[in-house]
Every structure is written in C-alpha cells, then in structure tokens.
Enquirer: 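Starting off with a structure, shown below.
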Amino acid sequence: SVLLVGETGTGKESVAKMLHRLSHRQTRSFSVLDCASLPDALLEAELFGTEESVAGMRRHRAGKIEAANQGTLFLDSIDRLPVAAQGRLLRVVEEKRVTALGASSSRDVSCRVISAATQDLGKMCAEGLFRADLYFRLNTVTLNLPPLRERREDIATLFIELLARAAQRLKRPSPTLTKAVKSRLLEYAWPGNIRELRNACENLAVLRAGKTVAAGDLDPRFSQPAATAVAAAA
C-alpha cells in the first residue's frame with residue numbers, strides 16, 4: 001500500500017497511475033474513487049458494491065474494489081472517507097475479501113491500494129477523525145509530493161514541457177517564452193500547483209499559438225506577490 005500526501009494539484013493521481021504502470025499489475029484495471037465527491041451512502045455503494053433481490057433473484061453490482069481485482073485501487077481524498085466506511089475498508093485490506101452492501105457472503109479480492117490525502121492522517125488519527133489501524137495499513141510506503149513553490153527549479157522545465165504537450169494536443173504551433181515571462185513564472189507561488197500550471201499552458205497554447213509570449217500576455221495573477229498568492233489559496 002502506498003499513501004500519497006500533498007496539496008491539491010500536486011499530481012497525486014498522476015503518480016498513482018505511474019506506480020500502476022510500473023507494477024506487475026499494469027495489464028489489470030486501475031480503478032479510481034474520489035472519496036470527497038459522493039454522499040456517504042452512495043460512496044459506500046460505489047466502493048463496496050451492492051447486492052439486492054429482484055424478482056426472487058440476487059442482483060450483484062460490483063464496486064470499485066472488485067473492479068480493481070488483480071489491479072490497483074486508487075482512493076483519492078482518503079482523508080474524507082467516512083469513519084463507518086473506514087472500518088469496512090480495513091477489513092477488505094486485512095482479509096482480502098469484500099462484502100457488497102446487502103450481501104450475505106463476501107468475495108475474494110486482491111488489489112494494491114494507493115491512497116491520497118491533502119491532510120495529515122497522523123494528526124487526524126490523534127483527533128479521532130481517522131482510524132489509526134487503517135492508517136497504518138495504508139502507509140506501508142508514504143510519498144510526500146512537495147508544492148511547486150518548494151521546487152522552483154522545476155517550474156520552467158515543467159512549463160515548457162506542458163506547453164509543448166498542450167500545443168501538440170491542440171494541433172497548434174507552440175508559443176515562445178521571453179526571459180521576462182520565465183522570470184515571472186518562477187516568482188509566482190502557484191497555489192494550484194501542477195493543475196494550475198497545466199491550465200496556464202493550455203491557455204497560452206490557445207491564445208498565443210506560434211507567437212512570442214510577453215509578460216503582458218500573462219494573466220494578471222502572475223504579478224501577484226508569492227506571499228499574497230499563498231495566503232489567498234490557504
């Protein structure tokens with residue numbers, strides 16, 4: 001099990017997909033569930049699956065865990081998983097068996113669990129907001145993804161690469177960046193991290209295709225002092 005920790009937009013799902021591609025499970029399913037995107041009842045049904053009786057017959061609907069059998073289950077925003085679902089997930093991880101909601105029996109399942117969190121799960125455990133036993137099962141390996149403002153030496157390289165990809169995908173000639181633009185990009189705090197960087201590249205690929213990008217072509221937010229941008233994102 002791998003736990004990915006980092007701010008929003010630092011690329012946790014991209015890292016999870018890379019871990020899957022580099023594993024012996026790469027030919028199997030990569031199943032994703034965002035724990036923050038659904039109400040509690042629907043979340044459990046989506047994760048564990050459901051089973052109900054229809055016209056005297058049992059109808060089984062597989063959840064994300066079963067869909068990831070022999071593959072990888074990526075649980076984004078695991079810090080938003082309800083406490084009740086945490087207990088059910090712990091049993092799946094420990095016993096390698098999943099019981100669908102409404103079912104009387106369980107099914108074997110083998111999947112690698114990669115989870116992602118923006119909050120400190122250790123602190124949440126101390127506050128009684130997250131089960132410590134599940135936390136210790138999920139963080140066999142913990143990878144911390146630093147925000148862009150802590151890895152400024154990578155910003156220019158990432159921006160040029162993502163700009164080229166955006167231009168290629170949109171079938172447009174790639175813009176050229178001036179030194180002033182590169183300096184502005186390095187000074188900016190990037191509170192949205194990689195996601196914000198990618199969006200900025202796509203914007204320029206559309207609006208400045210094949211042209212030289214000057215500082216005045218950038219969104220006004222890039223003139224915002226780093227401290228101000230970080231505070232606004234907090």
Side-chain angles (χ1 to χ4, degrees), residues 1-23 30 32 34-36 72 74-80 112-124 135 138-170 174-208 212-215 217-234:
S1 299
V2 179
L3 175 62
L4 306 174
V5 182
E7 294 180 6
T8 298
T10 48
K12 296 185 287 295
E13 184 168 349
S14 295
V15 172
K17 288 179 179 178
M18 180 188 69
L19 291 173
H20 175 70
R21 288 196 301 269
L22 294 176
S23 75
F30 179 80
V32 180
D34 183 355
C35 300
T72 300
F74 176 55
L75 297 175
D76 199 4
S77 301
I78 190 73
D79 43 331
R80 300 284 295 278
R112 187 239 288 271
V113 178
I114 301 178
S115 49
T118 56
Q119 301 184 67
D120 184 339
L121 291 187
K123 183 179 178 180
M124 290 183 67
Y135 170 59
L138 295 177
N139 74 338
T140 303
V141 175
T142 298
L143 300 178
N144 291 290
L145 279 63
L148 278 178
R149 63 181 177 277
E150 294 180 6
R151 43 185 294 206
R152 293 188 180 277
E153 67 278 5
D154 295 333
I155 292 176
T157 301
L158 286 168
F159 198 94
I160 292 171
E161 173 66 19
L162 291 174
L163 184 61
R165 290 186 188 181
Q168 183 179 30
R169 185 172 63 256
L170 296 169
S174 186
T176 302
L177 306 180
T178 64
K179 289 184 178 180
V181 167
K182 292 179 181 179
S183 296
R184 187 74 61 82
L185 297 176
L186 290 174
E187 293 169 0
Y188 182 60
W190 296 102
N193 294 295
I194 298 293
R195 184 177 294 119
E196 184 181 11
L197 190 76
R198 183 182 294 112
N199 289 342
C201 291
E202 291 181 353
N203 176 274
L204 291 177
V206 170
L207 300 180
R208 302 296 298 172
T212 298
V213 181
D217 297 322
L218 296 175
D219 188 284
R221 73 178 185 276
F222 293 113
S223 299
Q224 194 174 25
T228 303
V230 172

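We number each residue from 1, following the sequence as shown. Computation of the quantities below employed the complete heavy-atom set of this structure, encompassing side-chain atoms and omitting hydrogens, waters and symmetry-equivalent molecules.
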Enquirer: Considering only heavy atoms from C-beta outward, does the side chain of N139 approach that of V5 to under 4.5 Å?
Expert: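 With C-beta onward as the side chain, the pair stays apart.
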
Enquirer: With the side chain counted from C-beta on, respond yes when L158 and R151 share a heavy-atom pair under 4.5 Å apart, and no when they do not.
Expert: yes

Enquirer: When rounded to the nearest 0.5 angstrom, what distance separates CZ in R184 from CG in L177?
Expert: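 Reported to 0.5 Å precision, the distance equals 12.5 Å.
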
Enquirer: Any side-chain heavy atom of L19 within less than 4.5 Å of one from V2?
Expert: yes

Enquirer: Should W190 and L185 count as side-chain neighbours, where that means a heavy-atom distance under 4.5 Å?
Expert: yes

Enquirer: Under 4.5 Å between any side-chain heavy atoms of I155 and E153, yes or no?
Expert: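 Sidechains of E153 and I155: no contact.
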
Enquirer: In plain terms, say whether R198 and E202 are close enough for a salt bridge, that is, a side-chain N and a carboxylate O under 4.0 Å apart.
Expert: no

Enquirer: Hey, are the side chains of L218 and V181 touching, using non-hydrogen atoms and a 4.5 Å cut-off?
Expert: yes

Enquirer: If we count only N and O atoms by modelled type, under 3.5 Å, do the side chains of N193 and T8 hold a donor and an acceptor together?
Expert: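 Checked: N193/T8 side chains show no N/O donor-acceptor pair below 3.5 Å.
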
Enquirer: Check whether any side-chain heavy atom of L204 sits under 4.5 Å from a side-chain heavy atom of L163, and report yes or no.
Expert: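 L204 reaches L163 side chain to side chain.
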
Enquirer: Tell me whether the rings of F30 and F74 are parallel (<30°), tilted (30 to 60°) or perpendicular (>60°).
Expert: parallel

Enquirer: Report the C-alpha separation of E196 and R221 in whole Å, then their side-chain angles, then the decisive distance to 0.1 Å, and conclude whether the salt bridge (Lys or Arg N to Asp or Glu O under 4.0 Å) test is met.
Expert: CA-CA 12 Å; E196 184 181 11; R221 73 178 185 276; 2.9 Å; yes

Enquirer: Do the non-hydrogen side-chain atoms of V15 and L145 ever get within less than 4.5 Å of each other?
Expert: yes

Enquirer: Using the rule given for side chain to side chain contact (heavy atoms under 4.5 Å, CB included), can you reason through E7 versus T118, listing the C-alpha separation, both sets of side-chain angles and the distance that settles it, and then say yes or no?
Expert: CA-CA 5 Å; E7 294 180 6; T118 56; 5.9 Å; no

